[in-house]
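Take a look at the structure set out below.
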2 protein chains.
Amino acid sequence: MSSNVVNFAEKLSKFSEHWSPRVVAEMNDYQIKVVKIQGEFVWHDHKDTDEVFLVLKGQMGIEFRDSVVQLAEGEMYVVPKGVEHKPFAESECQVLLIEPSGVINTGEAGGELKAKNDVWV
Amino acid sequence: MSSNVVNFAEKLSKFSEHWSPRVVAEMNDYQIKVVKIQGEFVWHDHKDTDEVFLVLKGQMGIEFRDSVVQLAEGEMYVVPKGVEHKPFAESECQVLLIEPSGVINTGEAGGELKAKNDVWV
């Protein structure tokens, strides 16, 4: 019971790739992931699920077709299901993601930033 | 789309009661809550769901029947469903909770620390 404490800084120190979410914990049929982002992601949506972005360190933005959201450390945003969005970060930003198990980072958009799913750190 | 950024510090500045979770966002059929805790909670479990504790500020512990987990800022822990636990904090600790909508803070244990459900901040 006592060994499953998740320390985000420790988990984030174990990888350096951008746009490559790593699972740190599961809660029911959801996964909690950490990811390092820098630059621009691809436009995509998730047809079946909302998606939580929680900034652990740094700053990021989420572009929508009609607006842009800016997020700083200690802030979160829920992207509603089916809404096209494009995350971005000028400098490296460390982010916590909460979403159902099995969600692909690029949705159906795919492309070179599509990450392997269910990779733990 | 742009007005729903959740800033935890700002949300936490709006109330002072301990053991009284406030909803800050919903994701699918889950709620994300902030809570201030100090002292000892009651022994309880949640029969149907895991529960995420994520420490935003301060330090807390979770007592189990056979062990104790200590959590500092930037750490999280998933209490498995059905497992009896008793959160505690010597000094005030600010915590993020993730759990399905409708979960009662005391489980079936009830008592004076049972909080109103679905209270937003």
Side-chain angles (χ1 to χ4, degrees), chain A residues 1-13 23-34 46 48-57 59-85 94 96-100 103, chain B residues 1-13 23-34 46 48-57 59-85 94 96-100 103:
Chain A
M1 193 66 62
S2 60
S3 60
N4 293 322
V5 172
V6 174
N7 180 295
F8 298 127
E10 188 255 339
K11 294 293 189 187
L12 285 155
S13 73
V23 182
V24 296
E26 284 180 328
M27 165 200 48
N28 301 329
D29 51 348
Y30 280 68
Q31 287 184 328
I32 297 165
K33 306 172 184 178
V34 292
H46 303 284
D48 301 321
T49 184
D50 301 340
E51 181 178 25
V52 170
F53 290 81
L54 189 163
V55 176
L56 296 170
K57 195 171 181 184
Q59 298 192 315
M60 69 170 290
I62 306 175
E63 196 176 345
F64 296 96
R65 291 299 185 184
D66 62 354
S67 61
V68 176
V69 163
Q70 299 286 350
L71 295 176
E73 190 172 322
E75 292 185 335
M76 62 164 281
Y77 193 86
V78 183
V79 176
K81 67 179 173 184
V83 173
E84 282 188 294
H85 59 286
Q94 302 178 347
L96 192 77
L97 302 173
I98 309 167
E99 51 197 11
V103 167
Chain B
M1 192 67 62
S2 60
S3 60
N4 292 322
V5 172
V6 174
N7 180 296
F8 298 128
E10 188 255 338
K11 293 294 187 186
L12 284 155
S13 74
V23 182
V24 296
E26 284 180 328
M27 165 200 49
N28 301 329
D29 51 348
Y30 280 68
Q31 287 184 328
I32 297 165
K33 307 173 184 178
V34 291
H46 303 285
D48 300 322
T49 183
D50 302 339
E51 181 178 25
V52 170
F53 290 81
L54 189 163
V55 176
L56 296 170
K57 195 171 182 186
Q59 298 191 317
M60 67 170 291
I62 307 175
E63 195 176 345
F64 296 97
R65 290 298 184 185
D66 61 354
S67 62
V68 176
V69 162
Q70 299 286 350
L71 295 176
E73 190 173 322
E75 293 184 334
M76 60 164 280
Y77 194 86
V78 183
V79 177
K81 66 180 174 183
V83 173
E84 282 188 294
H85 58 285
Q94 301 179 348
L96 191 78
L97 302 173
I98 309 167
E99 51 196 13
V103 167

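Excluded from the calculations below are hydrogen atoms, water molecules and symmetry mates; all remaining heavy atoms, backbone and side chain alike, are included. Letters A, B, ... are given to chains in the order of the sequence lines, protein chains preceding strands, and every chain is numbered from 1.
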**Request:** Begin with the C-alpha distance, continue with both residues' side-chain angles, and end with the deciding distance and a verdict on side-chain contact (heavy atoms from CB on, under 4.5 Å) for I32(A) and V6(A).
**Result:** CA-CA 10 Å; I32(A) 297 165; V6(A) 174; over 6 Å; no
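The heavy-atom pair separating V103(A) from K33(A) by the smallest distance is O-NZ, 3.6 Å. Looking at every heavy atom in both residues, F64(B) comes nearest to V69(B) through CE1-CG2, 3.7 Å. In terms of heavy atoms, D50(A) sits closest to K81(A) at OD1-N, 2.9 Å.
For chain B, the nearby part of L96(A) is the side chain; its heavy atoms alone come within less than 4.5 Å. Looking at E26(B), the atoms closer than 4.5 Å to chain A (heavy atoms on both sides) all sit in the backbone: N, CA, C or O. Residue L54(B) touches chain A through its side chain alone, counting heavy-atom pairs closer than 4.5 Å. Residue I62(B): no heavy atom, backbone or side chain, is found under 4.5 Å from chain A.
Using cut-offs of 30° and 60° for the angle between ring planes, the H85(A) and F53(A) rings count as perpendicular.
Contacts with chain A were tallied for E99(B), Q70(B), M27(B); M27(B) has the most, counting heavy-atom pairs under 4.5 Å. With chain B as partner, the option from N28(A), N7(A), I98(A), V24(A) having the largest number of non-hydrogen pairs under 4.5 angstrom is N28(A).
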